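This report concerns only the one structure given below.
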Amino acid sequence: MDSRSHTHVTAALRLCLHALLAGLLALVVVRAVSKGAPDPAAVLSVTLLTGALYAAGATHSSSVQPGTPAGAWWLGGLWALWAVLLVLSPDALWVAFPLYFLQLHFLPMRWALPAVVVTAAAAITSFVVHRQEIEPGAFIGPLIGAAVAVATVLGYDALFRESERRRELIVELVATRADLAEAERTAGTLAERERLAREIHDTLAQGLSSIQLLLRAAERSLPENGPAAPHVRAAREAAQANLAEARSFVRALTPPDLERGSPAAALERLCARTTAPELTVRFTVSGTPVELPTPYEVALLRTAQSALANTVRHAEARRAEITLSFMDTSVALDVVDDGRGFDPSGAPGHERRGGGDGGFGLPAMRARAGSLGGALSVESAPGQGTAVALTLPLPGAEAERVA
């Protein structure tokens, strides 16, 4: 009669309960008439009232529900009519069995169990009073019925909770699979964007820059009014314009975090949105910032993201600090946490916590650093936190001091 009842199994159980109660009430009337009960008319009247009240609750299940005042009054009325029927006929004690199920269904378990005990005691008392004798069956029957009802309801509730856990797990797995697929698509897109940006920067942009320098040198060596000077100047300007286009393509293909400012700003946003229980992340800049090539900015950001991800997942740290240091000939990124640490030499592939992110985190960072002529170092020990340091040499032709 509640939201759980909208399954085929519970619908069948409800029908069985309806049939059981109707059959037992009919049995009470038949035996009262056939056995010559003292007042069969009263038995018939109370039985009809009981059946009518039960039918009213069954047909108005939307309002008569567990935990509602209407449900409580309905169940109390059924029990009161059954108690009157117990006084009139000893055969009414068998109606206690469907009442057990109703009490276990409509009442919280802390109230349902005492109600079942009281119902069983009333059934036993009715039998003893009517028969004027004490028999083992008078006690065994109602008690076994109560035990079977309690075991059935508790078993069904356990199965229902297990089914709900499985359903929630399936829903979570489906959602996780969708998120994973989306994350993989996003990661693939970003990786391809980074690759294209790196290729454009390392090939087209560098080639156009070299062409521009060579044309500038050629322009200076030619007579100012010579016939070739205008053509060389036009070629240099075309190379300069195409170099600007190539660099705009590189900027457009950079990671979204780098589209909105400098690497320092991107790292600061990364620290702000990195959350974990009891973890505080701080970011500082040391030295005078310089303009960095796009591959350098991407390497710094990706290394910080990977190192922080390891800290959040495995380190159980309370503090983490990211420091971006600009020096005369290099730029360095340090990610330090006070977590539980690990043994870098003992982890497979020198990976954190034995491959916390699949065994590719630190090797990927080292490969990225090596592709730019830099180096990645990891210092850690069990119980002493972890420090990841990335150092990249500044390309003299690319880096320019900014105010």
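What you see is a predicted model, and the numbers here were worked out from it, not measured in a lab.
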Report task. Please step through side-chain contact (heavy atoms from CB on, under 4.5 Å) for the pair Trp94 and Val28, ending with a clear verdict. Result -> CA-CA 9 Å; Trp94 303 114; Val28 172; over 6 Å; no
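- To the nearest 0.5 angstrom, Leu173 atom CG is 12.0 Å from Glu168 atom CD.
- Not a single donor-acceptor pair under 3.5 Å links the side chain of Ser380 to the backbone N or O of Asp343.
- Atom CZ of Arg166 and atom CG of Leu159 lie 10.5 Å apart (nearest 0.5 Å).
- Remark: Leu25 CG to Leu20 CG distance equals 9.5 Å, nearest 0.5 Å.
- A search for salt bridge (Lys or Arg N to Asp or Glu O under 4.0 Å) contacts involving Glu219 returns Arg233, Arg236, not counting sequence neighbours.
- With rounding to the nearest 0.5 angstrom, the CG atom of Leu394 is 12.0 Å from the CD atom of Glu291.
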**Report entry** Stepwise side-chain contact (heavy atoms from CB on, under 4.5 Å) test for Tyr54 and His18
**Finding:** CA-CA 9 Å; Tyr54 181 82; His18 299 339; 2.6 Å; yes
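- Note that CG of Leu85 and CG of Leu44 are 10.5 Å apart. Values are rounded to the nearest 0.5 Å.
- Residues Thr311 and Ala320 share a closest heavy-atom pair of CG2-CB, 4.4 Å.
- Of all the heavy atoms in Val43 and Thr47, the pair that sits closest is O-OG1, 2.6 Å.
- Heavy atoms from other residues, nucleotides or ligands lying under 6.0 Å from CD of Glu379 number 12 at most.
- The minimum heavy-atom distance linking Leu390 with Ala299 is given by the pair CD2-O, 4.0 Å.
- At distances below 3.5 Å, not a single donor-acceptor pair connects side-chain atoms of Thr303 with backbone N or O atoms of Leu300.
- Annotation: side chain of Val150 is not in contact with side chain of Tyr100 (no heavy-atom distance under 4.5 Å).
- Between Leu24 and Pro98, the closest heavy-atom pair is CD1-CD, 3.6 Å.
- Panel note: side chain Ser306, backbone Arg302; no donor-acceptor pair is recorded below 3.5 Å.
- Trp74 has its side chain within reach of Leu102: a pair of non-hydrogen atoms, C-beta onward, lies under 4.5 Å apart.
- Side chain of Asn310 to main chain of Ala315: no donor-acceptor pair is present (N/O by atom type, distance under 3.5 Å, no hydrogens or angles).
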Requested in this report: Given side-chain contact (heavy atoms from CB on, under 4.5 Å), test Trp79 with Val118 step by step and report yes or no.
Outcome: CA-CA 11 Å; Trp79 199 94; Val118 171; 4.1 Å; yes
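- In this structure the side chain of Asp338 reaches within 4.5 angstrom of the side chain of Arg318, judged on heavy atoms.
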Requested in this report: Let me see the working for Val331 and Val290 under side-chain contact (heavy atoms from CB on, under 4.5 Å), right down to the final yes or no.
Outcome: CA-CA 9 Å; Val331 60; Val290 300; 5.9 Å; no
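- Interatomic distance, CG of Leu279 versus CD of Glu316, reported as 11.5 Å (0.5 Å rounding).
- In this structure, the side chains of Thr288 and Phe326 stay at 4.5 Å or more apart for every pair of heavy atoms.
- Side chains of Val281 and Leu270 form no contact here, defined as non-hydrogen atoms less than 4.5 Å apart.
- Contact detail for Ala122 and Leu86: the closest heavy-atom pair is O-CD1, 3.8 Å.
- Between Pro263 and Glu297, the closest heavy-atom pair is CG-CG, 3.3 Å.
- Between Leu104 and Val116 the shortest side-chain heavy-atom distance falls below 4.5 Å.
- Under the rule for a salt bridge (Lys or Arg N to Asp or Glu O under 4.0 Å), the partners of Arg165 that lie at least two apart in sequence or sit in another chain are Glu162.
- In this structure, Val232 and Arg216 have side chains that are not in contact, with every pair of non-hydrogen atoms separated by 4.5 Å or more.
- The side-chain heavy atoms of Gln305 and Leu308, taken from C-beta on, include no pair separated by under 4.5 Å.
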